[in-house]
Amino acid sequence: MAPADRLSGAVAEIELGGKLLAWWDVSRRELPWRALAGRAPDPYAVWLSEIMLQQTTVASVTGYFGKFMSRWPNVEALARAPLEDVLAAWAGLGYYARARNLHACAGEVVRRHGGRFPQEPEALLGLPGVGPYTAAAIAAIAFNRPCVAQDGNVERVVSRLFAVEEPLPAAKGRIKAHTESFLSRQRPGDFAQALMDLGATVCTPRSPDCSRCPLAGNCRARADGAQTRFPVKGEKPARPHRRGAAFVLLRGGEALLRRRPAKGLLGGMSEFPSTPLSADFGLAEAMGYAPAEIRWRRLEGHVRHVFTHFSLELAVFLSREAPDRNFDACDGYRWADVARLREEGLSSLMRKVAVHAELAGK
DNA sequence: TAGACGTGGGT
DNA sequence: TACCCAAGTCT
């Protein structure tokens, strides 16, 4: 950007940064993972909340965060926990690689860093599940390092403030430079949270409330009456529709056939055997993926579910016949107690299958 | 760089 | 209904 396009660094920091922080001091959200004003933050709580909040709303995270903090109050406790317990506690929150990485990261912090989170963004970056945003957020919020924690909120607020015409994600570098131009060196942690609060509560995607915005007088987009034109984004690919089948096999009325893929879609989570979920299968074709060649009863209706990158329609087949193979000797499958289905922790998709098969209440 | 990777709520 | 979005990361 041309120097004349914006205020000089020091002036911008005082002008924009000061307005933002003054607003935040009276408008900050109280959130369970936040330290009270003037109190030292808990790096473990900051890290845990940041992982949970990736692509996930505050409303969805709140209950899970409380549950995790009660059950595993510090990084040592979480590192000691079996991965399956962590995944079961995460069930329903989505993006399950986050839970696998969370557990791996706790282990690294304990074994390689003596149970203390690194304070520098370069050291945080590269921990499992910690990318550029999360590294900067932890460094800023937990350790008051002058880092730009550039999430979707920041990209929206700053792209409007400076009317950034370049589309995302190419514009990330430009937006970061703009943000650094008014980053508060005095209060970098508060600055990061203030920018996110502004984006979440005032400078919202559809209908920003500029009358409440402390930066409205400096906002290029608003001056042009074009707030919602920013951030500029590219076209999104269409979402394909896929069909498949899930198989509910009961043994003696109390054991249920399960499997647990290590990675990929819903990786780590206990699930009903099914067709590969990332491909489209007609009904006849789907039967080739039944875990046993026995009589299956097709349950009426479908289970429908929408993932980020495709929608899914699942037929559900049920059988209580004795299988023609011994699953105990077969890797990938195991028998699990029906009564303990809840403790296993089900993804939302598999919870729908369980409800459809009347194995679980809504 | 673009696609994989969940879920629930808002409009 | 359909689409968008929410404190992104990994490959």
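So you know, we letter chains A, B, ... as the sequences are listed, proteins then strands, and number each from 1. Everything numeric here is computed off the predicted structure, so don't read it as measured data.
Partners of A:Trp33 by ring pair (Phe, Tyr, Trp, His ring centres under 6.0 Å), not counting sequence neighbours, listed by chain and number: A:Phe65. Looking at residues two or more places apart in sequence or on another chain, you find a salt bridge (charged side-chain N to carboxylate O under 4.0 Å, His left out) between A:Arg295 and A:Glu321. Listed by chain and number, the residues in a side-chain hydrogen bond (donor to acceptor under 3.5 Å, both in side chains) with A:Asp224 amount to none (sequence neighbours excluded). Remark: A:Phe230 engages no residue in a ring pair (Phe, Tyr, Trp, His ring centres under 6.0 Å) (not counting sequence neighbours). For A:Glu120, the side-chain hydrogen bond (donor to acceptor under 3.5 Å, both in side chains) partners at least two apart in sequence or on another chain are A:Arg145. In terms of the ring pair (Phe, Tyr, Trp, His ring centres under 6.0 Å) criterion, residue partners of A:Phe117 (sequence neighbours excluded) are, by chain and number, A:Trp47.
Across the protein-nucleic acid pair, A:His309 atom NE2 and C:dT9 atom C1' stand 14 Å apart, rounded to whole Å. When rounded to the nearest whole Å, the span between CG of A:Leu125 and C1' of C:dC10 equals 12 Å. Per the geometry, CE belonging to A:Met196 stands 9 Å off P belonging to C:dG8, to the nearest Å. In this entry the distance linking CZ of A:Arg206 with C1' of C:dA6 reads 12 Å, nearest Å. Rounded to whole Å, atom P of C:dC4 lies 10 Å from atom NZ of A:Lys233.
Here, B:dG6 and C:dT11 have their P atoms 14 Å apart, quoted to the whole Å. Taking atom P on both nucleotides, B:dC5 is separated from C:dA6 by 23 Å, rounded to a whole Å.
Heavy atoms of A:Pro169 sit nowhere under 4.0 angstrom from any nucleic acid atom. Counting non-hydrogen atoms under 4.0 angstrom, A:Thr134 reaches the backbone sugars and phosphates but no base. Counting any heavy atom pair closer than 4.0 Å across all strands shown, A:Leu31 reaches a base atom.
Mapping A:Pro128 and A:Arg156 onto DNA chain C via the closest heavy atom, the residue that lands nearer the 5' end is A:Arg156. Residue whose closest nucleotide on DNA chain B sits further toward the 5' end, between A:Lys352 and A:Ser278: A:Ser278.
Bracketed by its first and final contacts, the part of DNA chain B lying under 4.0 Å from non-hydrogen atoms of chain A reaches from B:dA4 to B:dG10 in 5' to 3' order.
Under a cutoff of 6.0 Å and an axis angle of 45°, A:Arg258 and A:Phe272 form a cation-pi pair.
A donor-acceptor pair shorter than 3.5 Å can be found between the side chains of A:Arg98 and A:Thr56. A:Tyr133 and A:Glu50 are linked by a side-chain donor-acceptor pair at a separation below 3.5 angstrom, with hydrogens and angles left out of the test. Side chains of A:Asp197 and A:Trp24: a donor on one and an acceptor on the other come within 3.5 Å.
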Please list every donor-acceptor pair under 3.5 Å in which a side-chain atom of residues 36-43 of chain A meets a protein atom from a residue at least two apart or in another chain.
| unit_1 | atom_1 | unit_2 | atom_2 | d |
| --- | --- | --- | --- | --- |
| A:Asp42 | OD1 | A:Tyr44 | N | 3.0 |

Got a list of side-chain donor-acceptor pairs under 3.5 Å for residues 165-173 of chain A, not counting sequence neighbours?
| unit_1 | atom_1 | unit_2 | atom_2 | d |
| --- | --- | --- | --- | --- |
| A:Glu165 | OE1 | A:Arg229 | NH1 | 3.0 |
| A:Glu165 | OE2 | A:Arg229 | NH2 | 2.9 |
| A:Glu166 | OE1 | A:Arg174 | NE | 3.0 |
| A:Lys172 | NZ | A:Glu155 | OE2 | 2.8 |

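Near-neighbour residues of DNA chain B inside residues 88-96 of chain A, defined by a heavy atom below 4.0 Å, number-ordered: A:Gly92, A:Leu93, A:Gly94, A:Tyr95, A:Tyr96. For residues 235-245 of chain A, proximity to DNA chain C is found at A:Lys236, defined as any non-hydrogen atom under 4.0 angstrom from a strand atom. Shown for residues 51-67 of chain A: residues whose heavy atoms fall under 4.0 angstrom of DNA chain C, namely A:Leu53, A:Gln54, A:Gln55, A:Thr57, A:Val58.
In this structure, A:Glu30 does not pair ionically with A:Arg34, as no charged nitrogen and carboxylate oxygen lie closer than 4.0 Å. Under a 4.0 Å N-O distance rule, the pair A:Glu313/A:Arg304 qualifies as a salt bridge.
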